[in-house]
K.L.:
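Structure provided below as structure tokens; questions to follow.
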Amino acid sequence: MEGFERNEHNEEYFYVHGKDVYSTQSLLASIGVNQEDTIYKDSSNAFVRWPFSAANFFEAVSQGGDFSEEDLQGPAKDEVQKINQEIKGYKDSENTVANQDRIKALRARKKELISKAALGAEGAKISIVYKTFVEINDSLMVEKKLPQFKDVSWPYKEQMPYFVSGLEDFAEAIKRGELRAITGGPCFFGESEVDMIWTLKDGSQKIYDFTTRRRSAEDRVSQEAEFTKQNAGDVVDVSFKSRKELLTTEEYDSVLYLFELAQATGSCLTLPIVDASYQKYLEAMLESLPADIQKKAVERFREVARPIIQMYKDLFEFFKKKYPGVKAQIMTGEDKELLDLYYQKRSPYVEKPATRRIISGIQEKIESVKDYITLPALPFYFWGVKNVLEVDYLGETDSFWKCRKMHKGDMKLSALLYPIKMSADGWRTIFSTELKYKEYVRPEDYGKR
């Protein structure tokens with residue numbers, strides 16, 4: 001059930017019960033913060049009510065900057081003092097993994113106490129951040145940090161929330177006349193658009209969505225990799241069925257954003273199409289199957305991928321003609337020379353010991369993860385551009401942070417992330433909904449959004 005209700009401040013806010021859908025207004029209401037006490041006090045109703053889907057990693061923070069541990073009072077002060085003593089005790093004892101984990105938990109609790117107290121401090125300027133890395137801003141806030149943003153034009157620009165980090169750095173690079181670049185772009189395809197089909201010896205079939213890796217919307221975890229391992233001796237064939245005939249409006253817009261910002265900021269741009277990353281996951285997942293089945297499966301995936309790649313190439317060419325002054329480069333899994341250059345240039349960063357610690361996840365996805373956390377650095381790899389603005393989905397927050405950390409000192413990576421728009425079903429995004437609720441755009445309608 002979704003709709004609007006009122007909080008303790010008698011403010012109306014968007015809610016969806018049981019789903020990971022939020023709005024700036026609902027987040028503020030959930031922590032009992034009055035909008036008038038935040039940086040969003042002058043934001044439009046359209047902005048604060050804009051619904052977006054995300055994992056629940058939001059927190060309110062104070063931008064006051066003057067509040068510290070010494071300003072704590074009462075029970076919070078007493079608890080922090082106890083935490084400090086306990087941390088000191090662990091530091092003076094054996095340096096075990098358990099002790100280090102406990103210190104980490106204590107420091108997290110200390111940060112929580114100080115942050116909570118800072119929110120109530122006089123003159124506090126409260127905002128909401130996602131995964132501690134990106135702050136929710138409206139379009140006017142983005143313009144203050146990056147003045148050239150006022151010159152871009154795209155659907156719902158003034159209503160959408162943006163999740164930003166380091167925009168001031170990118171703006172300073174423009175002022176200094178340094179080379180800069182925009183990067184980002186769409187996922188290859190969304191849910192419900194491509195099925196992966198296992199045929200077993202008994203003639204039965206198992207069908208998974210190739211984007212979610214689930215058998216149905218009710219499944220909460222990826223299952224096909226485990227299924228392959230457990231049933232390797234019974235799998236006789238792996239095939240695909242694609243229902244993707246057009247690009248969605250979300251995919252179209254994700255490319256439009258790049259060209260608009262590149263033109264407004266005098267930047268070059270890179271557009272990676274991630275079919276190669278999908279293929280890497282496929283190959284890792286099928287390792288337990290006979291070589292001939294693996295080979296056929298990869299060939300069939302390439303058959304499905306080829307027309308989708310062409311859609312993106314056609315869209316890219318459309319925008320290149322519309323923005324002739326923008327230097328732009330698309331990279332797909334079929335561009336061997338560009339891929340080789342990409343892998344060569346990223347190698348020193350991927351192989352660093354510090355980098356290995358932030359490349360994690362399901363074993364079959366490790367090689368794909370390496371792609372996702374290094375693709376934002378394509379302008380640096382291709383052209384040596386050190387000032388890069390990633391314009392991408394909110395879901396790329398982690399890869400943005402890891403890429404910035406990986407290239408620290410060599411490249412400055414900023415972020416302007418955005419939520420995928422909700423679909424016609426009212427609670428899922430255009431990316432994650434069923435076909436009947438998706439919103440597609442025909443080539444003859446390019447340029448009309």
Side-chain angles (χ1 to χ4, degrees), residues 54-55 57 129-134 163-167 169-170 180-188 211-213 222 225 254 257-258 269-285 329-333 335 338-420 431:
F57 293 108
V129 298
Y130 181 65
K131 293 191 174 183
T132 75
F133 306 129
V134 290
F163 297 75
V164 308
S165 177
L167 290 185
D169 292 334
F170 195 76
R180 57 264 182 196
I182 308 293
T183 194
C187 293
F188 193 36
T211 296
T212 63
R213 330 295 188 189
S222 303
S254 70
Y257 298 163
L258 302 182
L269 74 83
T270 56
L271 171 62
I273 304 303
V274 294
D275 58 296
S277 302
Y278 278 62
Q279 182 174 327
K280 287 175 185 177
Y281 178 66
L282 172 66
E283 291 171 342
M285 179 175 52
Q329 178 65 63
I330 188 173
M331 183 183 78
T332 77
D335 301 316
L338 286 177
L339 282 174
D340 288 346
L341 177 61
Y342 163 49
Y343 296 141
Q344 174 194 339
K345 293 289 187 177
R346 82 174 190 182
S347 180
Y349 297 94
V350 172
E351 298 304 321
K352 289 191 300 185
T355 297
R356 294 190 190 128
R357 290 195 292 270
I358 64 174
I359 299 176
S360 60
I362 300 172
Q363 184 60 39
E364 288 83 5
K365 292 186 177 180
I366 294 297
E367 290 304 314
S368 297
V369 169
K370 289 180 182 178
D371 288 356
Y372 283 108
I373 65 177
T374 55
L375 282 172
L378 274 187
F380 175 61
Y381 298 150
F382 286 173
W383 304 314
V385 178
K386 296 184 178 181
N387 303 288
V388 179
L389 174 58
E390 181 178 3
V391 183
D392 223 324
Y393 298 135
L394 175 59
E396 298 302 325
T397 300
D398 286 338
S399 59
F400 154 72
W401 172 78
K402 290 177 179 180
C403 186
R404 183 169 67 176
K405 184 175 182 180
M406 184 187 304
H407 297 86
K408 186 177 181 180
D410 293 334
M411 178 187 77
K412 283 187 177 180
L413 183 62
S414 305
L416 178 67
L417 309 181
Y418 50 89
I420 300 179
F431 175 86

K.L.:
Please round to the nearest 0.5 Å and tell me the distance separating atom OG1 of Thr270 and atom CD of Gln329.
P.N.:
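If I round to the nearest 0.5 Å, the distance is 8.5 Å.
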
K.L.:
Look up atom CE in Met406 and atom CE in Met411, then write down how far apart they are to the nearest 0.5 Å.
P.N.:
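Spacing of CE (Met406) from CE (Met411) equals 9.0 Å.
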
K.L.:
Indicate yes or no: at least one non-hydrogen side-chain atom of Leu389 is less than 4.5 angstrom from one of Leu416.
P.N.:
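Leu389 reaches Leu416 side chain to side chain.
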
K.L.:
Is any side-chain heavy atom of Phe163 less than 4.5 Å from a side-chain heavy atom of Pro419?
P.N.:
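A side-chain contact under 4.5 Å exists here.
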
K.L.:
Can you say whether the rings of Tyr381 and Tyr342 are parallel (under 30°), tilted (30 to 60°) or perpendicular (over 60°)?
P.N.:
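Correct class here is tilted.
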
K.L.:
Is it the case that the side chain of Thr374 and the backbone of Lys370 share a donor-acceptor pair, with hydrogens and angles ignored and the cut-off at 3.5 Å?
P.N.:
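Confirmed, Thr374 side chain pairs with Lys370 backbone.
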
K.L.:
Heavy-atom count check: over 12 atoms from other residues, nucleotides or ligands less than 6.0 Å from Lys408 NZ?
P.N.:
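No, not enclosed.
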
K.L.:
To the nearest 0.5 angstrom, please state how far the CH2 atom of Trp401 sits from the OG atom of Ser165.
P.N.:
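Between atom CH2 of Trp401 and atom OG of Ser165 there are 12.0 Å.
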
K.L.:
Can you tell if the side chain of Ile420 reaches within under 4.5 Å of the side chain of Phe431, non-hydrogen atoms only?
P.N.:
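Answer yes - side chains close enough.
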
K.L.:
Looking at Glu283 and Lys280, does any basic side-chain N land under 4.0 Å from a carboxylate oxygen?
P.N.:
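Here Glu283 does not pair with Lys280 in a salt bridge, since their nearest N and O are not under 4.0 Å apart.
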
K.L.:
Just do the side chain to side chain contact (heavy atoms under 4.5 Å, CB included) check on Leu375 and Val274 with the steps written out, would you?
P.N.:
CA-CA 9 Å; Leu375 282 172; Val274 294; 3.6 Å; yes

K.L.:
With side chains defined as the heavy atoms from C-beta onward, is the minimum distance between Ile273 and Met331 less than 4.5 Å?
P.N.:
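The answer is no; the side chains never approach within 4.5 Å.
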
K.L.:
Report yes if the side chains of Tyr349 and Asp410 come closer than 4.5 Å at any heavy-atom pair, otherwise no.
P.N.:
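They are in side-chain contact.
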
K.L.:
Would you say Asp275's side chain and Gly333's backbone share a donor-acceptor pair under 3.5 angstrom?
P.N.:
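Judged by distance alone, yes, a pair lies under 3.5 Å.
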
K.L.:
Could you walk me through whether Arg180 and Val388 pass the side chain to side chain contact (heavy atoms under 4.5 Å, CB included) check?
P.N.:
CA-CA 6 Å; Arg180 57 264 182 196; Val388 179; over 6 Å; no

K.L.:
Nearest heavy-atom pair of Gly166 and Ser414: which atoms, and what distance?
P.N.:
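Scanning both residues, the minimum pair turns out to be O-OG, 2.6 Å.
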
K.L.:
Test ring pair (Phe, Tyr, Trp, His ring centres under 6.0 Å) on Tyr393 and Tyr418; report intermediate values, then the result.
P.N.:
CA-CA 5 Å; Tyr393 298 135; Tyr418 50 89; 5.5 Å; yes

K.L.:
Arg346: what forms a salt bridge (charged side-chain N to carboxylate O under 4.0 Å, His left out) with it, not counting sequence neighbours?
P.N.:
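For Arg346, the residues satisfying salt bridge (charged side-chain N to carboxylate O under 4.0 Å, His left out) (neighbours in sequence not counted) are Asp371.
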
K.L.:
Rounded to the nearest 0.5 Å, what's the gap from OG1 on Thr183 to CZ on Phe382? Could you check?
P.N.:
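Reported to 0.5 Å precision, the distance equals 9.0 Å.
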
K.L.:
Hey, could you give me the CG/OG distance between Leu417 and Ser399, rounded to the nearest 0.5 Å?
P.N.:
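Rounded to the nearest 0.5 Å, the CG-OG separation comes out at 8.0 Å.
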
K.L.:
Suppose we screen for side chain to side chain contact (heavy atoms under 4.5 Å, CB included). Which residues come up paired with Gln344, at least two apart in sequence or across chains?
P.N.:
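Listed in chain order: Leu341.
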
K.L.:
So among Tyr278, Tyr281, Tyr372, which one has a ring-ring contact (aromatic ring centres under 6.0 Å, His included) with Phe188?
P.N.:
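Among Tyr278, Tyr281, Tyr372, the one that satisfies the ring-ring contact (aromatic ring centres under 6.0 Å, His included) with Phe188 is Tyr278.
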
K.L.:
Answer yes or no: is there a side-chain heavy-atom contact under 4.5 Å between Phe57 and Thr132?
P.N.:
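Phe57 vs Thr132: side chains apart.
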
K.L.:
For a quick test of reading the model, state the closest non-hydrogen atom pair linking Ser277 to Ser368 and the distance between them.
P.N.:
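Looking at all heavy atoms of both residues, the closest pair is O-OG, 2.8 Å.
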
K.L.:
With a 4.5 Å heavy-atom cut-off, do Val134 and Val129 have their side chains touching?
P.N.:
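No, too far: nothing below the 4.5 Å cut-off.
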
K.L.:
CD1/Ile373 to NE2/His407 distance, rounded to the nearest 0.5 angstrom?
P.N.:
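That separation rounds to 9.0 Å.
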
K.L.:
Which pair of heavy atoms, one from Ala54 and one from Leu394, lies closest together, and at what distance?
P.N.:
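Closest approach of Ala54 to Leu394: CB-CD2, 3.8 Å.
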
K.L.:
Tell me the closest heavy-atom pair linking Leu269 and Trp383, and the distance in Å.
P.N.:
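Heavy atoms of Leu269 and Trp383 come nearest at O-CH2, 3.4 Å.
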
K.L.:
Taking only residues at least two apart or on different chains, which pairs with a member in residues 373-401 satisfy salt bridge (Lys or Arg N to Asp or Glu O under 4.0 Å)?
P.N.:
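Non-adjacent pairs meeting salt bridge (Lys or Arg N to Asp or Glu O under 4.0 Å): Lys131-Asp398.
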
